[in-house]
Amino acid sequence: MNTRNMKTYFSLLMLASAFILSCGQKDPDPEKRTKAAFSLTGFENPVPSPIKFINISTNVTSTTWDFGDGGTSTDFNPTHTYNAAGTYYLKLKVTGPTGVDSVCKVLSVENPPAPNKTAFSYYQERCEGVPVGFSFKSLNPASTQPVWDLGNGSIALIKDAIVAYNLPGDYTVKFSTLIGGVRDTVIRVFRITQ
């Protein structure tokens with residue numbers, strides 16, 4: 001065999017070997033992959049806020065939660081109480097038969113509002129990237145006639161608003177309610193990153 005034929009033979013042999021090896025290494029069935037996912041409830045309450053975490057991960061053998069305030073848990077569906085107002089990065093790491101996966105979300109909890117003040121908390125479906133969903137919760141039970149200007153051209157006239165931001169950028173959210181016959185407004189700016 002000459003050098004040219006040897007190179008061709010070697011190239012074909014390498015290609016066949018790669019093909020044979022790849023046949024045995026299929027991606028796991030999407031329904032069997034280890035996938036981290038969760039939702040939560042309780043952020044409509046001011047601090048101290050007991051938040052219930054609902055683990056909806058798939059194919060999981062162990063979980064590790066980081067609540068963003070120094071607290072952690074390995075419970076599947078933990079409850080964690082936030083004693084200080086703030087914005088917290090929530091992280092869930094799961095391990096399963098097909099590997100490790102993690103997810104990050106953002107939670108904002110607030111102090112109890114003054115009787116004549118409008119206030120809201122929020123939950124952000126992911127720490128970064130678009131599209132991203134936000135759930136906003138009104139905190140003052142005395143608030144009536146709510147108006148949400150969600151900063152993306154949409155208005156909501158409901159107590160609690162849900163919105164998806166599809167593009168990165170800064171969004172100015174204005175929440176206005178009537179309390180005791182006087183309109184009060186709270187304004188917050190959210191930066192959505194790619």
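The first residue in the sequence is number 1, and the count goes up from there. Being a predicted model, the structure only gives us computed values, none of them experimental.
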- Query: Which ILVMFWY residues can you reach from Leu150 by hopping between side chains whose heavy atoms are under 4.5 Å apart?
  - Reply: Tyr89, Val106, Phe120, Tyr122, Val130, Val132, Phe134, Phe136, Trp148, Val163, Tyr165, Leu167, Tyr171, Val173, Phe175, Val186, Phe190, Ile192
- Item | Between CZ on residue Arg191 and CG on residue Asp170, distance to nearest 0.5 Å | 4.0 Å
- Hey, are the side chains of Val47 and Pro112 touching, using non-hydrogen atoms and a 4.5 Å cut-off? yes
- Task: Would you check if the side chain of Asp184 reaches a backbone N or O of Thr118 as a donor-acceptor pair within less than 3.5 Å?
- Result: yes
- Side chains of Lys93 and Val100: does their closest heavy-atom pair fall under 4.5 Å? yes
- Item | Min side-chain heavy-atom separation Asn116-Val182 under 4.5 Å | no
- Compare every heavy atom of Glu125 with every heavy atom of Lys105, then report the nearest pair and how far apart it is. NZ-OE1, 3.1 Å
- Please examine the side chains of Trp65 and Asn55, heavy atoms only from C-beta on, and report whether any two atoms are closer than 4.5 Å. yes
- Message: Distance check, rounded to the nearest 0.5 Å: Asp149 atom CG versus Ser154 atom OG?
- Response: 7.5 Å
- Do Asn140 side-chain atoms and Lys117 backbone N/O form a donor-acceptor pair below 3.5 Å? yes
- Distance, nearest 0.5 Å, that separates CG of Asp160 from OG of Ser138: 6.5 Å
- Item | Test log, rule ring pair (Phe, Tyr, Trp, His ring centres under 6.0 Å), inputs Tyr82 and Phe43 | CA-CA 10 Å; Tyr82 291 90; Phe43 67 102; over 10 Å; no
- Task: Considering non-hydrogen atoms only, spot the tightest contact between Lys159 and Pro146 and give its length.
- Result: N-CG, 3.7 Å
- Message: To check you understand the geometry: which heavy-atom pair defines the closest contact between Ser108 and Ser121, and what is its length?
- Response: O-CB, 3.1 Å
- Item | 4.5 Å side-chain heavy-atom contact, His80 and Asp69 | yes
- Spell out, as yes or no, whether a donor-acceptor pair under 3.5 Å connects the side chain of Thr81 to the backbone of Pro48. no
- Query: Are the side chain of Thr63 and the backbone of Asp75 linked by a donor-acceptor contact shorter than 3.5 Å?
  - Reply: yes
- Item | Taking every non-hydrogen atom, the tightest pair across Asp101 and Ala36 | OD2-N, 2.9 Å
- Note on the structure: So CD of Gln124 and OG1 of Thr87: to nearest 0.5 Å the spacing works out to 9.0 Å
- Provide the closest heavy-atom pair for Ser62 versus Val60 in the form atom of the first, atom of the second, distance. O-CG1, 3.3 Å
- If every non-hydrogen atom of Asn59 is compared with every non-hydrogen atom of Arg33, which pair is closest and at what distance? ND2-O, 3.2 Å
- Within-4.5 Å side-chain heavy-atom neighbours: Thr34 and Thr95: no
- Taking side chain as C-beta onward, heavy atoms only, is Leu157 less than 4.5 Å from Val147? yes
- Query: Roughly how far apart are Ile187 CD1 and Lys174 NZ, rounded to 0.5 Å?
  - Reply: 5.5 Å
- Item | Any donor-acceptor N/O pair, Arg126 side chain to Pro131 backbone, under 3.5 Å | yes
- In this structure, CD1 of Ile54 is separated from CG of Leu40 (nearest 0.5 Å) by 7.0 Å
- Cluster membership besides Leu139, Ile/Leu/Val/Met/Phe/Trp/Tyr side chains within less than 4.5 angstrom, sorted by chain and number, is none
- Message: I want to check something: taking the side chain as every heavy atom from C-beta on, are Asn77 and Lys52 in contact at a cut-off of under 4.5 Å?
- Response: yes
